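Each chain gets a letter, A, B and so on, in the order its sequence line appears, and its residues count up from 1. Bear in mind the structure is a predicted one, so any value in this text is a computation, not a measurement. When reading the values below, keep in mind they use all heavy atoms of this one structure, side chains included, and skip hydrogens, waters and symmetry mates.
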Amino acid sequence: MNFSKTITDWYRTYKRDLPWRKTTDPYCIWLSEIMLQQTRVEQGLPYYLKFTAAYPTVFDLAAAPEDEVLKLWQGLGYYSRARNLHHTARYVAEELGGRFPSSYKELLKLKGIGDYTASAIASISFNEAAAVVDGNVYRVLSRYFGVAIPVNASEGVKYFKELAGELIDRQDPATFNQAIMEFGAIQCSPRAPKCHECPLNDGCVALRDDKVQQLPVKIRKNSIRHRYFHYLVIEHDEYTVLQQRKHKDIWQHLYEFPLIEADGPLDKSDIEHHKEFRKLVGDSPFRLEQYGETVIHKLSHQHIHASFWVVYPGDPVNGTVRKSEVGAYPVPVLIANFVREYEF
DNA sequence: AAACCGGGGAA
DNA sequence: TTCCCAGGTTT
């Protein structure tokens, strides 16, 4: 039996029961695909349920304020996905009458939709034979065909895209695409693939040559950047201060306490004399104390060394929000963790 | 082509 | 600890 038939037969037996597999509505497929970018199914699933409940149609999502969308997205990471999602919802609702483009080529033009997502929506919703190539597909193909070309270099991207395009079932691309991804997630997993009970273990080159653990080949990336965030937690009666991150950096458009970023750790005296601190608190008397120990919040490419400094200013400060309202703002998990523990 | 963008879970 | 996840955008 050939590769594609084996994969789809396996899928029909072992596929997980997931909500976005009960529909071909491009809005639902789009929503699920954006959420699952670089995200495990188990992690994305509760967010998919929240979003489809809050926004049953693209018009509902388009009508929502950005802060509300970001709040629902809070904790899922890669927040540009949420901003692009919202932008594209408004475009589809207002410019396209709520109808998603129905081809790979047109879908690719939408913000937040790249090669993978355009292929996924085109195949699942519109039955177009556009091959998806995600991390699962790289793994399955590189192992089965014994291809050692690095998957995260331009040559590998092109090679595996073409290979997937040759293998795709042109009669049922929707099933094939989902099948090869599910197969990669469940059967041909990264660390401990179930080769002994694999329906493809006959023709698998990596298994034959004992190179399963060496494939797929990936080029090593950069090391971790360390950053030092010093947050000023204002305590003024029932008020505190939140600011929105506007610059092009992590957590864009999310909220946080007033921030002093430095090249390293700072002590109480450093904070007191810092320009940003003076700008916020002014020259009147104040009380300042550090809360807890420095927290190291780990992101993929950065380690954030975060310390929290509670400030009791003598005079009122600008930009205040009620402490009781802090939970309504979309914030990074780092801030959410602090708020949960600190309890104003 | 390479850098940047979150957070969590598995091994 | 390390790896990597239904990737996309920016530089």
Polar pair under 3.5 Å, donor/acceptor by atom type, side chain A/Tyr78, base B/dG6: yes
Sugar-phosphate, base or nothing in reach of A/Trp20, heavy atoms under 4.0 Å: base
Distance, P atom - from C/dA6 to B/dA3, rounded to whole angstrom: 25 Å
Sugar-phosphate only, base, or nothing, as touched by A/Thr39 at under 4.0 Å among non-hydrogen atoms: base
Polar side-chain contact A/Ser300-B/dG6 base: donor and acceptor under 3.5 Å: yes
Polar side-chain contact A/Arg81-C/dT9 base: donor and acceptor under 3.5 Å: no
Sugar-phosphate, base or nothing in reach of A/Arg83, heavy atoms under 4.0 Å: nothing
Upstream residue (5' side of DNA chain B) when A/Arg191 and A/Gly75 are each assigned their closest nucleotide: A/Gly75
Sub-6.0 Å ring centroid separation between A/Phe277 and A/Phe286: yes
Sugar-phosphate, base or nothing in reach of A/Asn177, heavy atoms under 4.0 Å: nothing
Ring centre gap for A/Phe3 and A/Phe145 strictly below 6.0 Å: yes
5′-ward residue of the pair A/Lys248/A/Lys298 relative to DNA chain C: A/Lys298
C/dC5 to B/dG6 separation - C1' atoms, rounded to the nearest Å: 12 Å
Distance-only donor-acceptor test, A/His301 side-chain atoms vs B/dC4 base atoms, 3.5 Å: no
For A/Leu18, all residues meeting side-chain contact (heavy atoms from CB on, under 4.5 Å), sequence neighbours excluded: A/Arg16, A/Trp20, A/Arg21, A/Val41
Stepwise side chain to side chain contact (heavy atoms under 4.5 Å, CB included) check, A/Glu256 with A/Val331: CA-CA 6 Å; A/Glu256 65 187 359; A/Val331 298; over 6 Å; no
Residue whose closest nucleotide on DNA chain C lies nearer the 5' end, A/Lys218 versus A/Lys111: A/Lys218
Of A/Glu42 and A/Glu155, the one whose closest DNA chain B nucleotide lies more 5': A/Glu155
